[in-house]
Every structure is written in C-alpha cells, then in structure tokens.
There are 2 protein chains.
Amino acid sequence: MEPKTKRRASIGARRSPETEAAVKAAARELLAEKGYAGFSIEEVARRAGAGKPTIYRWWPSKADLFIAIYGADKDAAIPVPDTGSLRDDLLLYTKDLWRFWREDTAGRVFRGLIAEAQTSEGALAALRFKFMPERLASPRKMFLRAAERSEFPADEIDDRLELWVGFNWLHVLTDRLSEDEPSLPHKIALLCR
Amino acid sequence: MEPKTKRRASIGARRSPETEAAVKAAARELLAEKGYAGFSIEEVARRAGAGKPTIYRWWPSKADLFIAIYGADKDAAIPVPDTGSLRDDLLLYTKDLWRFWREDTAGRVFRGLIAEAQTSEGALAALRFKFMPERLASPRKMFLRAAERSEFPADEIDDRLELWVGFNWLHVLTDRLSEDEPSLPHKIALLCR
DNA sequence: GTTGATCTAAACGGACCGTTTCGTTATGTC
DNA sequence: GACATAACGAAACGGTCCGTTTAGATCAAC
C-alpha cells in the first residue's frame, strides 16, 4: 500500500522540498482514496514517510494543508471563457468547475475544507478571508465583463456572483455534480436575467 | 456543570421517554455551549446520565441525533408569509430563518449536519432525502404561490427555490447571518426577476 | 413466573489528536 | 575548521472519542 520512500534526513537548516512534495502527494492520495472521512494527519505522515512534527511545523492546521493541496490547479484547469454572453460564459465555466470537482481530488478537498470550517475558527477564517477571495477572482471576471457590456448594473456584480457561488456550494456539498444535471442551464439562465 | 439526574432505570420493554428527552436536551445544550466542534456522543451521554449504548440504539449516527434535535421547531418558529409578492415573502421568511439560525441552537445543528454529511455517506443520504425535502416544503409554498400568480413560469419553481437555498447555505456555512446584511434585499430581488 | 426488551455502568481495542523528547544531518557563519 | 542553528524522522506522551461488548437490574406483557 505504501511505496515507503527511504528516509529523508534533514538537508540542513532549510525546508526540504522533497518532504513538502511527499506530504502533499500523500494527502492528495489519501483524500482520493478514502475521502475526507478517512483523512488524518497521522495517516498522511505514515504514507509520506514523514514525522508528524514536520507536518505540524509547516501546516499548523488541517485547513492549511487543504488549501495547499487545492493549489493553483483550479485556475490552470479552468479557463475563464469570454463568449460575449454571461449566460454562455457561466455555463461553460460551471461545467468545467464541476468536472474539476468530480475528476480531481479537488472536490473532496473543497468539501473537507468547508466541513473543517464548521468545527474550527481558524479554518473558517482561512476559508472566508484567504481561500474564497483568491478562488473567486477568476469567475468574478465574467460577471465584471457582463456588467461592462451592460447586461446588468455594476452594483449587482457581487450579489450575482454570490448567488452563483451558493448554487455551486449546494451542489458540491450534496454530491450532485453530474455531467448532465438537467437544471443547470435553467439556473444559470435565471442568474443572467 | 451537570445537574446529574439520578439514574433512570429501564421502564421495561419500551423506550424510555425520559431518556429520550434527556438525551435531546443534553445534545442541544452541548451544541449551544461548544458548537459542533465540542460535540461528542460521549459527552452527551455523560450529561444526559445515559448510557452510550442507549444512544447508539436510538440514534445510530450523529446525523440522526442532529435531525432529531433540529426537530419541528423550524416550522413552528418561522411562519410562511403570504403578502402577494414573492419578493416581500422571501425577505420576511429569510430574515426569520436567519434569526432562527442565529438565536436558536438550530444554526449550529444545521452546520453540524452539513459537516457530518461530508464525512459520512449515511449522513449525506439523510440530509438529501429526508431532511431537505421536509424542511423545504414550507418555503417552497412561497414560490408555488408566486408561480400561481404568474410571477414566473411554473417550471422555474424548483430552480428558483434551489438558488435561494444555496444562497442561504453559503451564508450559514460562512457564519454571515447578521441582522442587517445589506446585500440581502438585493439578492432576494434578483431571485424574483 | 417467565420471557424479553430496556436501562446504566464499565470496560474493551482501536484511532487520532497535538505535543514533546531525542539523536541525526546538513547549512551558513564566524 | 568549528559551531550554532534549524530541519528531519522516530517514538512516546496524555488525552479524547469511537463503536461495541458484557453484565446486572428493572419492568411490561403474556
């Protein structure tokens, strides 16, 4: 089950990139295999062949580790379309997002982060003030452009964005991310009135 | 800290209402005090002066206990308005709902249930197929009546309802339920176009 | 009376938590 | 070249909670 890398000794008074990579990889793998339920720092350490203190040194909370492995992949994996219509942009982007959540470990990471935020103040703060603003920057562009095209008033940008976000959260948290969710186009259309 | 009821012996071959009440009360109390983070079956049993096996007998999972203590209070606490306008109905209902989530233990219970659903298949199923349909019956009436008044086509009822639900989830999960959330009327209005 | 389901208490093995201690290893500085 | 510094993994700490099992006591129904 575990490739059990040979021991990585310290490389001196600096952080070991190998260890960092091994921990992130083990965390991803573990999440992919067992989901958030079977996720523990203990097990991550075992698989990574790392010491728990090492993990706690660099990722003081589970939320930090989650955020780290969610990574910048999302922006890379999901292009922000610009078709000239918010409706079409949103449909494309949302389908890509759902695919990303389905196929990558990302969906599980994200669900875990939200769950964690319900039990930990620190995780909630990280979610609200770090993770969300960063991750919403991309999709926000679509709404911004639509407002510039006068599809709706500029002061509605963030309200519409949040409605779209809530809609996505609802689906990911209830594990309804199927490819051909029939209501998707309708709901998207509603957000573009 | 614990009133420590005197031991409740078995009352024979039927479920003890006293025990049931004591467990629910202890669970509410514990959630109110410590939130979902500090919630454990162990502690509930301690406070209720009940045996853990008794709790596991009647509430096989945490989710079951959550659902039981969320109870029918919501329908009692939150009237479904009928002003003749979806916009006004939704605004009133949403404000009441947020107040309910803020003031009662309910908000914490709900957040706990959603978090639990991310780690447990059973909890997710309970949330999707039992809790949500039951709890959404009331607010759905507002959308239904609006469609009957031809405020929008009848086939949009559930899509609009879900957008509203997602919006509420987003706020409760990020702990943004303040009385005077300025964006609330705007977002509600958007849902009524 | 007997049967049977319920109750609490107590203890079980197991999993994690987050921390501390320890000996090792390499870096950067003097 | 010597040395403080900092990161590394292993092991163990005390603690909490899980879900289950065993046991003895209670009471209702038959």
Side-chain angles (χ1 to χ4, degrees), chain A residues 1-24 26-27 30-31 33-66 112 115-116 119-123, chain B residues 1-24 26-27 30-31 33-66 112 115-116 119-123:
Chain A
M1 180 150 294
E2 59 290 69
K4 210 54 177 176
T5 37
K6 54 202 65 144
R7 171 171 180 154
R8 285 180 304 278
S10 166
I11 57 169
R14 27 177 269 266
R15 179 171 188 169
S16 159
E18 268 185 55
T19 296
E20 182 177 358
V23 168
K24 284 190 193 170
L30 182 56
L31 268 166
E33 262 178 48
K34 307 198 182 173
Y36 179 62
F39 186 90
S40 75
I41 299 288
E42 193 104 18
E43 176 73 12
V44 172
R46 256 195 301 274
R47 293 196 182 203
K52 279 201 293 173
T54 303
I55 297 184
Y56 279 108
R57 174 166 20 246
W58 299 114
W59 300 276
S61 76
K62 240 182 230 185
D64 289 285
L65 186 50
F66 280 140
E116 193 67 14
T119 75
S120 143
E121 278 302 317
Chain B
M1 177 147 295
E2 59 290 67
K4 210 55 179 174
T5 36
K6 55 201 63 144
R7 170 171 181 157
R8 285 182 303 278
S10 165
I11 57 170
R14 24 179 270 267
R15 179 171 187 171
S16 160
E18 268 185 58
T19 297
E20 180 176 0
V23 169
K24 283 189 193 170
L30 182 57
L31 268 166
E33 263 177 50
K34 307 199 181 173
Y36 179 62
F39 187 90
S40 74
I41 298 287
E42 191 104 18
E43 176 72 12
V44 171
R46 255 195 302 274
R47 293 198 183 203
K52 280 201 293 174
T54 303
I55 297 184
Y56 279 108
R57 175 168 15 248
W58 300 113
W59 299 276
S61 77
K62 241 185 228 186
D64 290 285
L65 187 49
F66 280 140
E116 191 69 13
T119 75
S120 143
E121 277 302 318

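Remember, it's a predicted structure, so these values are computed and weren't measured experimentally. Convention: sequence-line order gives letters A, B, ...; per-chain numbering from 1.
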Q: Report the residues that fulfil side-chain contact (heavy atoms from CB on, under 4.5 Å) with A:A26, sequence neighbours left out, ordered by chain and then residue number.
A: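 A:A26: side-chain contact (heavy atoms from CB on, under 4.5 Å) contacts with A:V44, A:R47, A:A48.
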
Q: Just call it for B:T54: base, sugar-phosphate, or nothing, with non-hydrogen atoms closer than 4.0 Å on any strand.
A: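 Touches a base.
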
In Å and rounded to the nearest 0.5 Å, what is the [atom1] to [atom2] distance from [X] to [Y]?
| X | Y | atom1 | atom2 | result |
| --- | --- | --- | --- | --- |
| B:S61 | B:E121 | OG | CD | 12.0 Å |
| A:T119 | B:Y36 | OG1 | OH | 7.5 Å |
| A:Y56 | A:I41 | OH | CD1 | 5.0 Å |

Can you tell me if [X] touches the phosphate of [N], counting only side-chain N or O atoms and a distance under 4.0 Å to OP1 or OP2?
| X | N | answer |
| --- | --- | --- |
| A:W58 | D:dC8 | yes |
| A:R46 | D:dA10 | no |
| A:R15 | C:dA26 | no |
| A:T19 | D:dG9 | yes |

Q: Measure across B:F39 and B:K62 and return the closest heavy-atom pair with its distance rounded to 0.1 Å.
A: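 Result for this residue pair: O-NZ, 3.6 Å.
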
Q) Any idea which heavy atoms bring A:A123 and A:S120 closest together, and the distance? A)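 The pair with the smallest heavy-atom distance is N-OG, 2.9 Å.
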
Could you give the [atom1]-to-[atom2] distance, from [X] to [N], as a whole number of Å?
| X | N | atom1 | atom2 | answer |
| --- | --- | --- | --- | --- |
| B:R57 | D:dC18 | CZ | P | 18 Å |
| B:E18 | C:dT8 | CD | C1' | 14 Å |
| A:L30 | C:dA15 | CG | P | 14 Å |
| B:E43 | D:dC18 | CD | P | 10 Å |

Could I get a table of every N or O pair under 3.5 Å where one atom is in the protein and the other is in nucleotides 18-21 of chain C?
| residue | atom | partner | partner atom | Å |
| --- | --- | --- | --- | --- |
| C:dG18 | OP2 | A:Y56 | OH | 2.5 |
| C:dG18 | N7 | A:K52 | NZ | 3.0 |
| C:dG18 | O6 | A:K52 | NZ | 2.8 |

